[in-house]
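Report on the following structure.
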Amino acid sequence: MANVNLRVGDVDRMREESEQLLRQYLNERGWREGVDWVWKQVVFDSWKPDAVLLGEQGKPLAAYEIMLLDADRKASLAQVVMEAGIPFMLVFYASDMDYSIVSLLKNHSELSAVAAIYRWDLLSLTYQLVDAATTSEQVALIKSVEAELAHKFGFETGTLSKKAVPPRHIPTFEVAAMHIYLNPAAKYPWREELWGVYDVIWQWDSLTEQFRIAYDGRWELLKTYRLFLRAGRFAVESKEGISTSRSENFYEERE
């Protein structure tokens with residue numbers, strides 16, 4: 001991680017914002033705090049990760065830890081979690097992520113993954129995905145979202161591709177999601193059932209010696225935005241409508 005000189009107040013603010021975003025992410029997955037996951041309650045050899053996902057009878061399934069400036073402490077925590085036999089992820093607030101750290105993953109088998117966590121605004125994300133569309137299905141999805149915006153909210157056709165400023169009354173909402181970089185050398189991999197339907201998953205390609213996208217959940221998020229626009233309303237507080245795991249037939253519900 002880059003050596004950044006920050007005041008105590010800045011670090012405290014970053015910690016608070018990161019904790020809030022990780023809690024939001026876990027809740028939006030449909031996981032219930034105190035039942036499906038707990039915060040700083042599970043002890044691993046005197047260490048307490050920020051969040052631990054629980055399985056049947058409260059058995060730990062995976063651990064999440066927010067990463068700021070204390071890299072040495074996190075390495076020690078990762079080691080004791082690995083010894084307990086469960087996956088361990090370091091979570092960075094997106095704006096604070098030093099992406100050079102992903103190149104170190106394969107040298108640290110105690111890390112299952114590192115992730116940059118985001119709070120994505122759905123309308124802004126739609127603009128971003130215009131340039132990312134590479135398949136006919138993705139292009140059609142972009143066009144259908146734009147058609148909904150044009151039909152109900154006076155959104156001028158072509159605004160997305162031209163990157164024009166949208167009218168202020170266009171409805172949107174925010175969702176927490178991650179860019180997850182999987183460690184190819186992890187002793188306990190970050191398994192597919194732990195991926196979020198809206199996450200972007202990066203895997204190491206040994207042929208090209210770089211990370212590539214193995215799964216891009218932003219397109220599922222865009223489908224959710226299309227549903228929101230068609231319905232004209234959306235209960236953001238509802239855990240059922242925001243996000244879930246990839247193992248719960250989520251895709252079929254959005255086609």
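Sequence positions, counted from 1, serve as the residue numbers for this chain. Because only heavy atoms are used, hydrogens play no part in the values below, and waters and symmetry mates are left out as well, while side chains stay in.
Across Asp36 and Gly30, no two heavy atoms sit closer than the pair OD2-O, 4.1 Å. Shortest non-hydrogen contact noted between Ser109 and Met82 is O-SD, 3.7 Å. The nearest pair of heavy atoms linking Ala176 to Glu28 is N-OE1, 2.9 Å. Between Val130 and Ser161, the closest heavy-atom pair is CG1-CA, 4.0 Å. Ser112 and Pro87 get closest at one heavy-atom pair: OG-CA, 3.2 Å.
Side-chain contact between Leu21 and Tyr93 is present, with heavy atoms from C-beta onward closer than 4.5 Å. Side-chain atoms of Ile86 and Leu61, non-hydrogen and from C-beta on, never get closer than 4.5 Å to each other. In this structure the side chain of Glu19 never reaches within 4.5 angstrom of the side chain of Leu22, judged on heavy atoms. Within the 4.5 Å cutoff, the side chain of Phe211 has no heavy atoms near those of the Gln203 side chain. Residues Trp195 and Trp190 meet the side-chain proximity criterion, which asks for heavy atoms closer than 4.5 Å. Contact annotation: the side chain of Ser18 never approaches that of Ile117 to less than 4.5 Å [non-hydrogen atoms, C-beta and beyond]. Two residues are said to be in side-chain contact when any heavy atoms from C-beta on lie closer than 4.5 Å; Val200 and Ile180 fail this criterion. Counting heavy atoms from C-beta on, the side chains of Leu53 and Pro60 never come closer than 4.5 Å.
Counting non-hydrogen atoms of other residues, nucleotides and ligands closer than 6.0 Å to NZ of Lys163 gives a total above 12.
Gln24 and Gln20 share no side-chain donor-acceptor pair at under 3.5 Å. Between the side chains of Thr224 and Tyr198, a donor-acceptor pair is found at a separation under 3.5 Å.
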- Item | Steps toward ring pair (Phe, Tyr, Trp, His ring centres under 6.0 Å) verdict (Phe88, Tyr188) | CA-CA 8 Å; Phe88 179 87; Tyr188 298 103; over 10 Å; no

- Item | Step-by-step salt bridge (charged side-chain N to carboxylate O under 4.0 Å, His left out) determination, Glu16 to Arg13 | CA-CA 5 Å; Glu16 182 178 358; Arg13 174 187 55 78; over 6 Å; no

- Task: Starting from the C-alpha separation in whole Å, work towards a yes-or-no answer on side chain to side chain contact (heavy atoms under 4.5 Å, CB included) for Val91 and Met89.
- Result: CA-CA 6 Å; Val91 180; Met89 174 192 282; 3.7 Å; yes

- Item | Tyr118 vs Asp199, side chain to side chain donor-acceptor pair (under 3.5 Å): CA-CA, chis, key distance, verdict | CA-CA 10 Å; Tyr118 294 76; Asp199 293 336; over 6 Å; no

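In this structure, CD1 in Ile66 is found 11.0 Å from CD in Glu17, a value given to the nearest 0.5 Å. We find the NE2-NZ distance between His169 and Lys152 to be 13.0 Å, quoted to the nearest 0.5 Å. Atom-to-atom distance recorded for Trp204:CH2 and Gln210:CD is 7.5 Å, nearest 0.5 angstrom. With rounding to the nearest 0.5 Å, the separation of CG in Leu125 from CG in Leu221 is 5.5 Å. Between atom CG of residue Leu129 and atom CD of residue Gln138 there is a gap of 8.0 Å, rounded to the nearest 0.5 Å. For the atom pair CZ of Phe155 and CG of Leu149, the computed distance is 5.5 Å after rounding to the nearest 0.5 Å.
Residue pairs meeting the salt bridge (Lys or Arg N to Asp or Glu O under 4.0 Å) criterion with at least one partner in residues 49-64, sequence neighbours excluded, are Arg15-Asp50, Lys40-Asp50. Residue pairs meeting the side-chain hydrogen bond (donor to acceptor under 3.5 Å, both in side chains) criterion with at least one partner in residues 139-150, sequence neighbours excluded, are Ser144-Arg226, Glu148-Arg230.
At distances below 3.5 Å, not a single donor-acceptor pair connects side-chain atoms of Tyr215 with backbone N or O atoms of Trp202. The backbone N or O of Leu111 lies less than 3.5 Å from a partner atom in the side chain of Asn183, making a donor-acceptor pair. Glu65 places no side-chain N or O within donor-acceptor distance of the main-chain N or O of Leu77, the cut-off being under 3.5 Å.
The side chain to side chain contact (heavy atoms under 4.5 Å, CB included) check on Asp121 picks up Leu123, Ser124, Thr172, Glu174, with sequence neighbours excluded. Remark: Ala150 engages Thr157 in a side chain to side chain contact (heavy atoms under 4.5 Å, CB included) (not counting sequence neighbours). Scored by the side chain to side chain contact (heavy atoms under 4.5 Å, CB included) test, Ala140 finds no partners at all (sequence neighbours excluded). Remark: Glu83 engages no residue in a salt bridge (charged side-chain N to carboxylate O under 4.0 Å, His left out) (not counting sequence neighbours).
One hydrophobic cluster, built from ILVMFWY side chains closer than 4.5 Å, holds both Val145 and Phe153. Ile213 and Trp219 end up in the same hydrophobic cluster when Ile, Leu, Val, Met, Phe, Trp and Tyr side chains are linked at under 4.5 Å. The cluster map of Ile, Leu, Val, Met, Phe, Trp and Tyr, joined by side-chain heavy atoms under 4.5 Å apart, puts Tyr127 and Val139 in different clusters.
Taking the six-membered ring where tryptophan is involved, the planes of His179 and Trp120 are perpendicular, since the angle between them exceeds 60° and thus also 30°. Note on ring orientation: taking the six-membered ring where Trp is involved, the planes of Phe228 and Tyr225 are parallel (angle under 30°, cut-offs 30° and 60°).
Remark: Arg32 fails to qualify as a cation-pi partner of Trp37 under the 6.0 Å distance and 45° angle criteria applied to the six-membered ring.
Salt-bridge formation is detected for the pair Glu33/Arg23: a Lys NZ or Arg NE/NH1/NH2 atom is positioned less than 4.0 Å from an Asp or Glu carboxylate oxygen.
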